[in-house]
Protein chains: 2
Amino acid sequence: MRLGRRAIFPLVRTISTTSAAPPPPAVLSVGHALRERRRFTEADVAAYAAVSGDRNPVHLDDAVARELCGFQRGRVVHGMLVASLFPSIIAASFPGAVYASQTLKFAAPVYVGDEVVARVQALHIKAMTTANSSTANRYVVKFATKCFTDEEGGSLAIEGEAMAVVPTLELSS
Amino acid sequence: MRLGRRAIFPLVRTISTTSAAPPPPAVLSVGHALRERRRFTEADVAAYAAVSGDRNPVHLDDAVARELCGFQRGRVVHGMLVASLFPSIIAASFPGAVYASQTLKFAAPVYVGDEVVARVQALHIKAMTTANSSTANRYVVKFATKCFTDEEGGSLAIEGEAMAVVPTLELSS
């Protein structure tokens, strides 16, 4: 299902002076964005309906989606399933990330079978230190979270912001 | 998995004067709340990880959850899975509801196996009419959305607000 994940902007890399050393990790800084493409299938929607318990016919019944809700192309993907891409992207880059908040505005429907591109972009980074340590051992990162129904620059389906606490700014490969 | 759903406050019912007539439907008004209890199991978390692609070890690995993230009781449920209770409750009462927005503040962890109570309470209701109709054919409802890790009045795990467009204020039985 995963169709790719890459940084939109080049990531900062520290230059290593020892050729035998492994390449240094990429480090998140303000402005950097990560994204992921995905197509939500009928099977995905059925699996999400089963685990969430959300069996709203707008997701499962073309006639209801069209006639009662006005979605001309029929069934739409659960908005919270599309939005799950945001923590998923953050967790893939920062295993052990802890989500603190998320705002979501559902601006346009994502129809079952459509491909979307989700993007998270670092807006602000704050280092946290504990009483026992003078160096940062956690970072609070605020991300802009957007999802488009077409290629980048296409229709905006979801927009919002997320706050997460990450154990390091080094991106997991 | 569903352990019950009921209104916290009595729902307004119109009194029928004809004993043979079916009971009139309950109608949502400001202040009314609906809630649902649920226990998220290890299988639920695994199913959600599979469909969302979010394999953050904080949800799947007790050691990481404890040592890296500081969650003393180990693995925690994906916040977005817990939050899926809000649209699920709204959709069960109002089939065909369309989600417009959701804010989420993750205030406390929900550990795998813990029971939670999610509550959605109507804060504001606005009737919408179309150019072709003088009567309302849609309602925009703003809900307070909260989830507690214990019985009502226990620890607040998630709080926020949701906005949904519903086709009727009559609650589905």
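Order of the sequence lines sets the chain letters (A, B, ...), proteins ahead of strands, with each chain counted from 1.
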Participant: With salt bridge (charged side-chain N to carboxylate O under 4.0 Å, His left out) as the rule and sequence neighbours excluded, what pairs involving residues 157-173 of chain A come up?
Facilitator: A/Lys142-A/Glu161
Participant: Chain B heavy atoms under 4.5 Å from A/Phe86: which part of the residue, side chain, backbone, both or neither?
Facilitator: neither
Participant: Could you pull out all residues at least two apart from A/Ala97 that satisfy side-chain contact (heavy atoms from CB on, under 4.5 Å)?
Facilitator: A/Ile90, A/Phe94, A/Val166, B/Asn56
Participant: With clusters defined by side-chain heavy atoms of hydrophobic residues (ILVMFWY) lying less than 4.5 Å apart, directly or transitively, does B/Leu169 cluster with B/Leu123?
Facilitator: no
Participant: Apply salt bridge (charged side-chain N to carboxylate O under 4.0 Å, His left out) to residues B/Glu115 and B/Arg38 and explain how you reach the verdict.
Facilitator: CA-CA 5 Å; B/Glu115 187 174 273; B/Arg38 183 164 168 191; over 6 Å; no
Participant: If you count heavy-atom pairs under 4.5 Å between each of B/Pro109, B/Ala91, B/Ala50 and chain A, which one has the most?
Facilitator: B/Ala91
Participant: Taking the basic N atoms (NZ, or NE/NH1/NH2) and the acidic carboxylate oxygens, is any pair closer than 4.0 Å for B/Arg73 and B/Asp114?
Facilitator: yes
Participant: Side chain from CB out, backbone as N, CA, C, O: work out which of these in A/Leu81 comes under 4.5 Å of a heavy atom of chain B, or both, or neither.
Facilitator: side chain
Participant: Taking B/Arg75 first and then B/Glu42, would you say they form a salt bridge - that is, a charged N and a carboxylate O separated by under 4.0 Å?
Facilitator: yes
Participant: Check whether A/Ala43 gets within reach of chain B through its side chain, its backbone, both or neither, counting any heavy atom under 4.5 Å.
Facilitator: neither
Participant: Go through B/Ala100, B/Ala107, B/Ala162, B/Ala47 and name the one with the most non-hydrogen pairs under 4.5 angstrom from chain A.
Facilitator: B/Ala100
Participant: Quick check on B/Pro95 against chain A: is it the side chain, the backbone, both or neither that has a heavy atom closer than 4.5 Å?
Facilitator: both
Participant: Looking only at heavy atoms and a cut-off of under 4.5 Å, which of A/Lys105, A/His78, A/Gln102 has the most pairs with chain B?
Facilitator: A/Gln102
Participant: Chain A: which of B/Thr103, B/Leu68, B/Val76 shares the most heavy-atom pairs with it under 4.5 Å?
Facilitator: B/Leu68
